[in-house]
There are 2 protein chains.
Amino acid sequence: MSNQERLLVELTDAVGCCSPLVREPLSAEQAVELSRLFKAMGDPVRLRLLSLIASHEGGEACVCDLSGVFDLTGPTISHHLKVLREAGLISGERRGTWIYYRIEPDALRRLSAVLVPDVAAAGPA
Amino acid sequence: MSNQERLLVELTDAVGCCSPLVREPLSAEQAVELSRLFKAMGDPVRLRLLSLIASHEGGEACVCDLSGVFDLTGPTISHHLKVLREAGLISGERRGTWIYYRIEPDALRRLSAVLVPDVAAAGPA
DNA sequence: AGCTTGTTTCGATATTCGTTAAGGCAGACC
DNA sequence: GGTCTGCCTTAACGAATATCGAAACAAGCT
């Protein structure tokens, strides 16, 4: 068993009871903030965009790498990227001709922090 | 920083490099299926409903436990519960007068599996 | 029957998704 | 400098979908 695996097992044992989602009701404010993230990911095109950007070489991708994948026009891709940007899930930077997008790790961290303990609950009783 | 907090940080750091979402592009089919879950959770009321049910005593709650929390009418709560039900996130069962809702762990597990390296598979060797 | 609990139906309003057309920015070329 | 061309965004608009409440409906208990 690797160090990381051991760590993960320790974690799942340690926080199984303490997920923000499962331990106690979310506050209205927490729910509003979190739902913005979930909502932005609640579209198949945006989920794939997110995944394409994240898995692209160097952790970043320009729009030209993305728009060819879908059967959608440029403005539509641009719109979905804007939704992801405004949710804080990605950030864009212009370098010369192209605009490069990359993942904002903090946003994904917040999401997984809500969900991970449920994985733990599914583990050894 | 507590032991548990340190562990959580370790795990969430792993999300940035190893989660399925980040490792390779999602297929169109995966994206459609996953986005249904995210979409259902993309509303603050539904997120709180989910959390209220999950954190309620015995892991289940009747609608009467839920509707009082919000400034919304019964039919609206019923509507949101239906959305969660059709997304497979919760299930309802009638017992006498009341209908009890509980979390469907599989759905949350699928969500976690996208964001987080395979924690469950990292069980005791 | 009457009462309680929860859902369904229907209608009004608001938001989202995708298109076409137009605008902004950077580089190439004269 | 001026004007092309390519890349991406913004603006404007229609169609589809989501959100919510009032009224009507179903299911169970006394």
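The figures that follow rest on heavy atoms only: side chains count, while hydrogens, waters and symmetry mates do not.
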S.K.: Round to the nearest Å and state the distance from B:E86 atom CD to D:dT17 atom P.
M.R.: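 That distance rounds to 14 Å.
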S.K.: By nearest atom, which of the nucleotides C:dA26, C:dT8, D:dC20 is closest to the A:R94 side chain?
M.R.: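 Nearest to the side chain of A:R94 among the choices is C:dA26.
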S.K.: Under a 4.0 Å threshold between the charged nitrogen and the carboxylate oxygen, would A:R102 count as salt-bridged to A:E93?
M.R.: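 A salt bridge is absent here (no side-chain N lies under 4.0 Å from a carboxylate O).
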S.K.: Would you check if the side chain of B:S51 reaches a backbone N or O of A:L21 as a donor-acceptor pair within less than 3.5 Å?
M.R.: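 Yes, the answer is positive, given that a donor and an acceptor are paired below the 3.5 Å cut-off.
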S.K.: Can you tell which of C:dC17, C:dT5, D:dT19 lies closest to the side chain of B:D43?
M.R.: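 The nucleotide sitting nearest to the side chain is D:dT19.
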S.K.: Quick one: is B:H79 getting a side-chain N or O under 4.0 Å of the D:dA18 phosphate, OP1 or OP2?
M.R.: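 It does not, given that no N or O in the side chain of B:H79 lies less than 4.0 Å from OP1 or OP2 of D:dA18.
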S.K.: Once you round it to whole Å, what is the distance between C1' of C:dT5 and OH of B:Y101?
M.R.: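 The answer, rounded to whole Å, is 12 Å.
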S.K.: Under 4.0 Å, heavy atoms only, any strand: does A:F70 hit a base, just the sugar-phosphate, or nothing?
M.R.: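 No contact.
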S.K.: Under 4.0 Å, heavy atoms only, any strand: does A:R46 hit a base, just the sugar-phosphate, or nothing?
M.R.: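 The answer is sugar-phosphate, as A:R46 gets under 4.0 Å only of primed atoms, P, OP1 or OP2.
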S.K.: Starting at CD of A:E93 and ending at C1' of C:dA26, how long is that distance when rounded to a whole Å?
M.R.: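 My rounded result for the distance is 15 Å.
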S.K.: So which one's nearest nucleotide on DNA chain C is more toward 5', A:G74 or A:G96?
M.R.: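 Nearest-nucleotide comparison on DNA chain C picks A:G74.
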S.K.: B:Y100 OH to C:dT5 P: how many Å, rounded?
M.R.: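 Distance, rounded to whole Å: 12 Å.
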S.K.: Ignoring the backbone of B:T97, work out which of C:dG18, C:dT5, D:dT10 is nearest its side chain.
M.R.: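 Ranking C:dG18, C:dT5, D:dT10 by closest atom to the B:T97 side chain puts C:dT5 first.
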S.K.: Does A:T73 or B:W98 map to a spot on DNA chain C nearer the 5' end, using the closest nucleotide for each?
M.R.: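 The residue closer to the strand's 5' end, by nearest nucleotide, is B:W98.
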S.K.: Please state how far atom CG in A:L84 lies from atom P in C:dC17, giving the value in whole angstrom units.
M.R.: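 Rounded to the whole Å, the gap is 11 Å.
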S.K.: Indicate yes or no: at least one non-hydrogen side-chain atom of B:V63 is less than 4.5 angstrom from one of B:L81.
M.R.: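 When only atoms from C-beta onward are counted, B:L81 and B:V63 do touch, with a gap below 4.5 Å.
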S.K.: I'd like to know if B:E33 pairs up with B:R110 as an ion pair, taking the criterion as any Lys NZ or Arg NE/NH1/NH2 lying under 4.0 Å from an Asp or Glu carboxylate oxygen.
M.R.: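 Between B:R110 and B:E33 there is a salt bridge, with a charged N closer than 4.0 Å to a carboxylate O.
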S.K.: Check every atom of C:dT7, C:dA21, C:dC17 against the side chain of B:P75 and return the nucleotide holding the closest atom.
M.R.: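 Within the option list, the nearest is C:dT7.
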S.K.: Nearest to the A:I99 side chain among D:dT19, D:dC8, C:dT7, which nucleotide is it?
M.R.: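 So the side chain of A:I99 is nearest to D:dC8.
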S.K.: Among D:dT10, C:dT16, D:dT19, find the nucleotide with the atom closest to the side chain of A:S78.
M.R.: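 Selected nucleotide: D:dT10.
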S.K.: Whole-Å distance between D:dT19 C1' and B:H80 NE2?
M.R.: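 Going from NE2 in B:H80 over to C1' in D:dT19 covers 6 Å.
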S.K.: Roughly, in whole Å, what's the span from NZ in A:K39 to P in D:dT17?
M.R.: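 Taking atom P of D:dT17 as the reference, NZ of A:K39 is at 16 Å.
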S.K.: Which part of the nucleic acid, if any, lies within contact of B:T76, taking any heavy atom under 4.0 Å across all strands shown: a base, the sugar-phosphate backbone alone, or nothing?
M.R.: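 Result for B:T76 = base.
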S.K.: Quick one: A:R95 CZ to D:dC7 P, roughly how many Å, whole number?
M.R.: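 These atoms are roughly 17 Å apart.
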S.K.: Between B:E60 and B:R95, is there a side-chain N and carboxylate O pair less than 4.0 Å apart?
M.R.: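 A salt bridge is present here (some side-chain N lies under 4.0 Å from a carboxylate O).
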